[in-house]
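Data block below; observations after.
We're numbering straight along the sequence, starting at 1.
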Amino acid sequence: MNKAIKVAKFNFRYGCKQTFIITFIVVLLTIVNLIIEFLIGSQVQGSLSIGNLFTLINILAPIFIVLKYYKKLINIGAKKLDFFKGCIINYVVLAVIVAIINILFYYAIEPMIWGNSLEISYLPAFGWTKSGVFACFVYQTGFYILLSVFIHTLVLYQNMWSGWVADVILIAIISVFTPIAPLRQALIVFFRATTLNPSFILQFICDILLAGLLYASTLYHMSKK
């Protein structure tokens, strides 16, 4: 476990550096734009919630970690199991941090700044705010972990034939499942379980189980390489 923690620290220090920089720039530019709109008297209502922008961290972190440092760490002697364990530590910590930031912006910072003006946020759109702050935190944490693990897996497979197969399957799901009613219903059930579940406990369990299965299968496949 100590090696996994070292990998996680390495990823936070180097692998997430570009992620934090890009996210900071996007958030800063958005804030500057909102300030300019406010100063010139434009309507701020309907602008994207600043808190939602921090989800970029959960999307970009696995991309940079896998693309830039997976092979480097393996080449200097790190075991694949330790790399995977270290990464999951990164994704869990980042999920918790982003969930807290998003909650602070949605419940405290943005209402204080914009008053009754409505920000466009996926938190109420997904129904994650209906059961209170704690439920909103749990909803987000499970979803962000699943999101990071999913992206981690896709990026890791891109240099292999299986990665191209996965891309084809995803395209097929979008193009084939949508027009065909029974398949579309299956897709709806999937999203209801992992994203739009009325129970934050059940959604969290579904997200973690799916992320665990995806992560374990990827580790098993990579260990055979």
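- Note on F20: it does not cluster hydrophobically with L29, by side-chain heavy-atom contacts below 4.5 Å among ILVMFWY residues.
- Looking only at distances, no side-chain donor or acceptor of Q203 sits under 3.5 Å from a matching main-chain atom of A193.
- The distance between the ring centers of F204 and Y139 does not fall below 6.0 angstrom.
- A 4.5 Å side-chain heavy-atom check between I100 and L104 finds at least one atom pair inside the cut-off.
- Separation of atoms CG (D207) and CG (L147) is listed at 10.0 Å; rounding is to 0.5 Å.
- By the 4.5 Å heavy-atom criterion applied to side chains, H152 and V66 are counted as neighbours.
- Pairing each heavy atom of I57 with each of P62, the nearest pair is O-CD, 4.3 Å.
- In this structure, the side chains of K17 and F64 stay at 4.5 Å or more apart for every pair of heavy atoms.
- Between L202 atom CG and N197 atom CG the span is 5.5 Å, to the nearest 0.5 Å.
- Between I89 and K85, every side-chain heavy-atom pair lies at or beyond the 4.5 Å cut-off.
- Remark: the Y144 side chain and the N102 side chain contain an N/O donor-acceptor pair separated by less than 3.5 Å.
- We find the CG-CD1 distance between L60 and I21 to be 11.5 Å, quoted to the nearest 0.5 Å.
- Among V98, T23, V27, I101, the single residue meeting the side-chain contact (heavy atoms from CB on, under 4.5 Å) criterion with L53 is V27.
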Test side chain to side chain donor-acceptor pair (under 3.5 Å) on T129 and Y107 and set out the steps.
-> CA-CA 10 Å; T129 59; Y107 284 100; 4.9 Å; no
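- Contact detail for C87 and I65: the closest heavy-atom pair is SG-CG2, 3.7 Å.
- Minimum interatomic distance between A61 and L94 (heavy atoms only, all atoms of both residues): CB-CD1, 3.6 Å.
- Taking OG1 from T19 and CD1 from I59, the interatomic distance works out to 10.5 Å, rounded to the nearest 0.5 Å.
- Looking only at atom types and distance, the side chain of S49 has a donor-acceptor partner in the side chain of E110 under 3.5 Å away.
- Applying the ring-ring contact (aromatic ring centres under 6.0 Å, His included) rule to Y14 yields the partners F10; only residues at least two apart in sequence or on another chain are considered.
- For I103 against Q140, the heavy-atom pair with the smallest separation is CG1-NE2, 3.4 Å.
- When the side chains of ILVMFWY residues are joined at heavy-atom separations under 4.5 Å, either directly or via intervening members, L213 and F150 end up in two distinct hydrophobic clusters.
- Residues I63 and I25 fall into different hydrophobic clusters, defined by Ile, Leu, Val, Met, Phe, Trp and Tyr side chains chained together at heavy-atom separations under 4.5 Å.
- In this structure, L156 and F84 have side chains that are in contact, with non-hydrogen atoms separated by less than 4.5 Å.
- Side-chain atoms of Y106 and P111, non-hydrogen and from C-beta on, never get closer than 4.5 Å to each other.
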Evaluate the side-chain contact (heavy atoms from CB on, under 4.5 Å) criterion for residues T55 and Y122: first the C-alpha distance (whole Å), next the side-chain angles of each, then the deciding distance (0.1 Å), finally the verdict.
-> CA-CA 11 Å; T55 312; Y122 58 74; 2.5 Å; yes
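- Here the closest heavy-atom approach between residue F105 and residue I50 is recorded as CE2-CG2, 3.6 Å.
- We find the CG-CD1 distance between D82 and I5 to be 10.5 Å, quoted to the nearest 0.5 Å.
- Between the side chain of W128 and the backbone N or O of F137 there is no donor-acceptor pair closer than 3.5 Å.
- Counting all heavy atoms, side chain and backbone alike, A95 lies closest to I145 at CB-CG1, 3.7 Å.
- Taking CG of L123 as the reference point, atom CG of N52 lies at 5.5 Å (rounded to 0.5 Å).
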